[in-house]
Amino acid sequence: MTDSLNSISEKAGMPPGSLVHVGDVLKTESRITLIDYSAEHIEEQAVYAIEEILPYKDKATVTWVNIEGLKNIALIASIGNAFNIHPLVLEDILNTHQRPKFEEYEDYLYIVLKGLSVDSEELSVNYEQISIIVLDNLIFTFKEVEDDLFAPIIKRLKNGKGKIRNLGTDYMTYAILDMIVDQNFVLLETLDEILDSIEDELLTNPTAATLASIQRIKRELISIRRSVLPVRDMLNAIIRSDSALIHERVHIYLRDVYDHALRISESIESYRDILSGLMDIYVSSVSNKMNEIMKILTVFASIFIPLTFIAGIYGMNFEYMPELRWKWAYPVLWIAFITIPVVLLVYFRKKKWL
Amino acid sequence: MTDSLNSISEKAGMPPGSLVHVGDVLKTESRITLIDYSAEHIEEQAVYAIEEILPYKDKATVTWVNIEGLKNIALIASIGNAFNIHPLVLEDILNTHQRPKFEEYEDYLYIVLKGLSVDSEELSVNYEQISIIVLDNLIFTFKEVEDDLFAPIIKRLKNGKGKIRNLGTDYMTYAILDMIVDQNFVLLETLDEILDSIEDELLTNPTAATLASIQRIKRELISIRRSVLPVRDMLNAIIRSDSALIHERVHIYLRDVYDHALRISESIESYRDILSGLMDIYVSSVSNKMNEIMKILTVFASIFIPLTFIAGIYGMNFEYMPELRWKWAYPVLWIAFITIPVVLLVYFRKKKWL
Amino acid sequence: MTDSLNSISEKAGMPPGSLVHVGDVLKTESRITLIDYSAEHIEEQAVYAIEEILPYKDKATVTWVNIEGLKNIALIASIGNAFNIHPLVLEDILNTHQRPKFEEYEDYLYIVLKGLSVDSEELSVNYEQISIIVLDNLIFTFKEVEDDLFAPIIKRLKNGKGKIRNLGTDYMTYAILDMIVDQNFVLLETLDEILDSIEDELLTNPTAATLASIQRIKRELISIRRSVLPVRDMLNAIIRSDSALIHERVHIYLRDVYDHALRISESIESYRDILSGLMDIYVSSVSNKMNEIMKILTVFASIFIPLTFIAGIYGMNFEYMPELRWKWAYPVLWIAFITIPVVLLVYFRKKKWL
Amino acid sequence: MTDSLNSISEKAGMPPGSLVHVGDVLKTESRITLIDYSAEHIEEQAVYAIEEILPYKDKATVTWVNIEGLKNIALIASIGNAFNIHPLVLEDILNTHQRPKFEEYEDYLYIVLKGLSVDSEELSVNYEQISIIVLDNLIFTFKEVEDDLFAPIIKRLKNGKGKIRNLGTDYMTYAILDMIVDQNFVLLETLDEILDSIEDELLTNPTAATLASIQRIKRELISIRRSVLPVRDMLNAIIRSDSALIHERVHIYLRDVYDHALRISESIESYRDILSGLMDIYVSSVSNKMNEIMKILTVFASIFIPLTFIAGIYGMNFEYMPELRWKWAYPVLWIAFITIPVVLLVYFRKKKWL
Amino acid sequence: MTDSLNSISEKAGMPPGSLVHVGDVLKTESRITLIDYSAEHIEEQAVYAIEEILPYKDKATVTWVNIEGLKNIALIASIGNAFNIHPLVLEDILNTHQRPKFEEYEDYLYIVLKGLSVDSEELSVNYEQISIIVLDNLIFTFKEVEDDLFAPIIKRLKNGKGKIRNLGTDYMTYAILDMIVDQNFVLLETLDEILDSIEDELLTNPTAATLASIQRIKRELISIRRSVLPVRDMLNAIIRSDSALIHERVHIYLRDVYDHALRISESIESYRDILSGLMDIYVSSVSNKMNEIMKILTVFASIFIPLTFIAGIYGMNFEYMPELRWKWAYPVLWIAFITIPVVLLVYFRKKKWL
């Protein structure tokens, strides 16, 4: 979290609209892919300069420009210029510490949210900021890193069947949002497994490391919540928007993504409850363990201390101790040494103290 | 919970509207029952193909088609086709991980919720997704498994008395929702009994197993909440809906179900409070038990340690220890050995330490 | 709580409007009292059949029919019939597990709430469901048991002074609601006393029984809340209602009851805080007690263990131990046996350990 | 709290509008002061009968009647009569257990709230109910006790400068409310000091008495909240009221009082957080103290128990124990008796156990 | 916090609008800077009297008057007079205990909020109240102390590029608010580092001092929340305001600040969760440490107590103890003295008790 604050606070004092990439500089060159399609045709090409995009500006077909990597600030600035994007929007695209939000402008919509991917082995969640600019027949997506997140969409586009080739940028927006939101299910799955394994650990052998795990998950969950929960409200805002760029026929699809986002946020909320339950188990386990230790101590002390006392009595050097001379004194004492502990143990067990 | 996320996340990347049964495949063939009724007549028949349903499409009588088992995807698709149901609705019917919700379409209503049944012995709750599609004079219900949940409704239909034969699909919707919601009372009853037995256990002999039970109920309650709480809002949405398919005369009945749903969710909320109370008792019981153990240890140690010390003194081998030669020293010491513990015990008891 | 769920769940599956008394069958015959009054006259009579009530239906005077005991289902059904009450309302009257609610119908209002009375000795709260049906010049009250709850109202009626004889059924409704709501103050008073006595117990001698009491009060409070809190919203709904049956001149009185209900629910909420505070005291008391016990143990062990060791040294049988032959060794040792504990005690006390 | 409930519950059953003083009877005679003022003149007089007030009813000047002490019920009833105040309002004035509230009537406004004063030494808060009736050119204030709360206002009135003499009853209402609300800052100050001193005590020497203090403050805070929090909403209601009695020019002043009330309620809320923090410190301190005690015990036991064992070995009476005859055995053992504890202590300290 | 309440409560009783500086008197003279600028020119000058400001009142250029230090009450009063500012606003400017708020007046807007700066070494947060009065072409800022907070804005103004010179007082208001809000990111960063270092401390060596740190941060966070959270709502109020002084072109910038404020308040909320997590770790660490100590004690006691007992047996002075005469008794016993502890340790370790 420190980075995030760090970089923001460094920017404090600069005029708004200064384009600087604020965020972890993920060392990737920008890769730009342009896909132009209509019901009849589809073409995909790598793009290296703004001039290659401009011809698609007034074409009737749908054009999707996917920019992966945010280092090429000049290009992003020139896109902003060519398509009349507000400088603050460009600033938000480059500053990768945005809360998920949706903003309507006259000619375009700006959507920004976090794509969460998870390293299954250790629960380390990677947050990637994804910005979407939706115009009438063009759609821009800005990603922090190059990866295959959008590969299934491209495959469906090329496959050519289904609604995706027949509908416009709004449906494409839906397809992208759906992809990003559904990613979270994978994350929840991993969380679920980790929580289950922690619970097992707690019931068998809780250690300080288990506590550290619980706290780590708790902190991770806090930051997941902050990335995921606002998505629900954002989707709701998109659905309720009366922008001409989102046609009504797409509402039902967006409502579907909204349902998913709702389920995801409910899951996250219930994980909080589960985590606090695990914390309770941990605390109780520690108490239980102390009880166990106390019991051992108590058994040993309660049994041997009286016996030692008895042995001590007959270790005294008084001249007039008649027992010392009795023949059977010693064997009788041994019987006492054996019966006393047995009686005590039975008594303790009966009283359910041990 | 893992399954649910698992299967959803497997579907991530597929185009919307692809009909795949997502959920635990409950190994049952689809059983389809069609009941056509009016005030005057009633007929019930098993249905095997869409063609058998079509004739009822434009009949004035009310027709109820109950599909149990979701394996026959082709049939569901053809129903969707014949009755003009949106593909996303069909997808939701097949994907059995829906949140309870109510959606209005131009010609039909879509209601989906969870039927909860409980295994009384061990608290294992079974969740069955039930989808309802309400048309003007037709009503479809989609269940995951074959069972007798709707048997009482069918009996009332055949019995012929009451409003059920005289009113339309909206009243039938009410009857079905009422049946599903009232099922939850059985669940609450079971929960109640389990909580009572846990409380008894806690007050008599709390063990780590009791803690595990509390946590298990807590997790179960979290997932029950997620299935049951949204039903209240869903019913409210149905009542407030201005769809022509829900006539005003049925509102009072739906309000009745709404009242039940309200009471159920209040009960669930109070179970959370009760559970946290049980957790408190558990923690206190563990502390109390440790107190008990400490007391035993303290009694034994505090009494015998001084005595052992006294015995130790007269076990010393000094040449000049006048007491060793006194005749009554040994019996006097025995008197001390007996009075000291008695005095200590009385003193402890007076100070309320023991 | 089990009963409540039990009986409801038994009813699951029956057609709506089937009149069955669901609830604890409180073994009382129905007692029906009819009071007819206007500013000038008042008459009170016991009623045994519906025919005795019917003549008052169209009389201009106000008629109050108080039915105590819900066993006479036939009579309630015939009242429903004669006064055109919806079957679901009759069902709600008989099913004594309703949430407090207010429903407006065209010709009448239906109000249902819980009368809480408390056994002052042990905190056992009795819940009685009271239903009120308000017509233009008739008012029905349905109580579960025969008691003197309404006696003060009847006395005021007979007394003849004040507004009660001059105003209509709406003012009578107010008088009844006021009576029921103000009953709760007695309950709160009892709760207050019990909480005070628990607190005293906690500070003097907390036991596991105290914990059990706290938990019992907590559970009782949960169920009181569920009966009392909705009354506030119900009263608000009555005030905001635009029914012609509630005249504006009565609003100020209803607002007064609403104020009382508000104060009652605030009190109940603060009892929750107080209870959780008591729980905190309990937990701390248990810890404190363990500290006390540990201190005793520590004093005894820390003082006598070193002494025993010293005695042990001179109990050794080495041939070459010069001290054993010194004349003053034994008395000197006794001085050590006395000074060591004193020094230790002073040291412990200085360090504030004891 | 018991009194409050007690007296209310005693009143249950009486007809509404019966004027009885419900509350702690604070033994004071009613003192009535009338101040009549306009920009040009001001007169102050003690009043003993309603007839002395009546002449001011239709005068254009502003008249403020301050009634201190609520025993003179006859007078209050006659004021109610003369100025056409609703009987329920008079009842509320006399029943000093009201929640702060604001009620608009056709010709007057009724405001009731609590004046809180605090005994600085021990935190005992005194609650005084203050009722205000605002008419067009008359204002009545009803206080439970005689004191100098309003002295500064009277001084400002007599002083003659500022807005107070130029504006009407609405500004006077503001001045009174401002005085009462600002009293709470003194209370918060005292709370603040007490909390600071408790924190100091917790960090130096926490005892069961400290816990009792925390709990006492907690309960006091609960009852302060109930008196103070509704004032905020009440003030908001006054500001939003469209009564002709509150002119718009006074709104900005009322908003100022509202700001103060907001800050006071925020402070109270944060005190709750701070209190729960103190409770946490207490619990931890108790645990820490137990740790300390356990450490002493552990040091003594761990060091002396092995030594005692060694001494015990050479106290055995076997005939064939060669060490007993060695010349240097005893001095060597002494070396062991000294080195073993040193080694153990160093080891413990290294392991950070002690 | 005491000061804040203290000074307010001292003011209680004074007429509203009395200008007194309420707050910590920060010993600084007032420094007044006037900057007048338009797209074409910019001038900066120190100002010592109101007369120097008046000429700018009706100039078309934008004039920003920055008053640092609130001691010169006469000047502030004369500004209020000259620019027709309501006395209560002036009072709020001088009383530095305001909640962040936004008030619209006919000719001007009043904004007040807290600037938070943090001493990086020890977390001591300094709160400075900053008031902004926005007129049509004049903007006043009132700060408590002289510092360089606004230096970057002045630099941007002088630099002459960007929107700041071309737009009016509304954009300047944005620039100032942006500067103040973004300051908080530095604070959060510091908080973040402190929380991280506390967590490290907790996992390695938790002491009572760590607890004190957690509590100190908790209290600091409570007061930060009270200063920062209302800023979000205040900014929202500014955006939703329909004042002619805030032009629509500035809305997008204000929304940007609003986004920042939202992120800051979310961070603060999550710090509360993290803090409570740290508290949990602390409590568990203390329990764990006690467990460790108990284990040492248990090992020593359980092993040596039985051995001491055995030694005690053969220290008895019975005449008939055959073992005492056996030749190999003593060496055999030594074997027992060595094997018994080994066996016990292995057993304990197997049972996972140690």
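To find a chain, count down the sequence lines: A is the first, B the second, and so on, and within it residues start at 1.
- Y320(A) has its side chain out of reach of W328(B): every pair of non-hydrogen atoms, C-beta onward, lies at least 4.5 Å apart.
- The choice from G315(A), S302(A), A151(A) that makes the most heavy-atom pairs within less than 4.5 Å of chain B is S302(A).
- When the side-chain contact (heavy atoms from CB on, under 4.5 Å) test is applied to R325(A), the partners found at least two apart in sequence or on another chain are E319(E).
- Taking the side chain as every heavy atom from C-beta outward, Y330(B) and E323(A) approach each other to under 4.5 Å.
- For the atom pair CD (E269(A)) and CD1 (I222(B)), the distance works out to 11.0 Å, reported to the nearest 0.5 Å.
- Only the side chain of L344(A) comes within contact range of chain B, with at least one heavy atom under 4.5 Å from a heavy atom of that chain.
- The choice from G312(A), A301(A), P306(A), P322(A) that makes the most heavy-atom pairs within less than 4.5 Å of chain B is P306(A).
- Side-chain rings of H86(B) and Y253(A) approach one another, their centers coming within less than 6.0 Å.
- Here CG of D280(A) is found 8.0 Å from CG of L211(B). Values are rounded to the nearest 0.5 Å.
- Considering all non-hydrogen atoms of both residues, S284(A) and M279(B) come closest at OG-CE, 3.7 Å.
- When heavy atoms are compared at a cutoff of 4.5 Å, I214(B) does not approach chain A at all.
- Contacts of M316(B) with chain A are made by backbone atoms alone, with heavy-atom separations under 4.5 Å and no side-chain atom involved.
- Per-residue heavy-atom pair counts under 4.5 Å with chain B were compared for I303(A), L297(A), T308(A), L262(A), and the maximum is reached by L262(A).
- F309(B) does not touch chain A: none of its heavy atoms, backbone or side chain, sits under 4.5 Å away.
- Two residues are said to be in side-chain contact when any heavy atoms from C-beta on lie closer than 4.5 Å; S276(A) and K218(B) meet this criterion.
- Inter-residue side-chain proximity for R225(B) and S270(A) is flagged as unmet; no heavy-atom pair is nearer than 4.5 Å.
- A salt bridge does not link D259(A) with R99(B): every distance from a Lys NZ or Arg NE/NH1/NH2 to an Asp or Glu carboxylate oxygen is 4.0 Å or more.
- The distance from atom CE of M290(B) to atom OG of S287(A), rounded to the nearest 0.5 Å, is 5.5 Å.
- A salt bridge does not link R219(B) with D273(A): every distance from a Lys NZ or Arg NE/NH1/NH2 to an Asp or Glu carboxylate oxygen is 4.0 Å or more.
- Between I305(A) and F304(B), the shortest heavy-atom distance links the atoms CG2-CB, 3.1 Å.
- Y314(B) places none of its side-chain heavy atoms less than 4.5 Å from the side chain of N317(A).
- Interface residue V283(B): only side-chain heavy atoms are found under 4.5 Å from chain A.
- Taken from CD1 in I252(A) to CG in L88(B), the straight-line distance is 5.0 Å, to the nearest 0.5 Å.
- In this structure, I274(A) CD1 and Q215(B) CD are separated by 10.0 Å, a value rounded to the nearest 0.5 Å.
- Distance check, rounded to the nearest 0.5 Å: CE of M294(A) to CE of M294(B) gives 3.5 Å.
- I313(A) places a side-chain heavy atom less than 4.5 Å from the side chain of W334(B).
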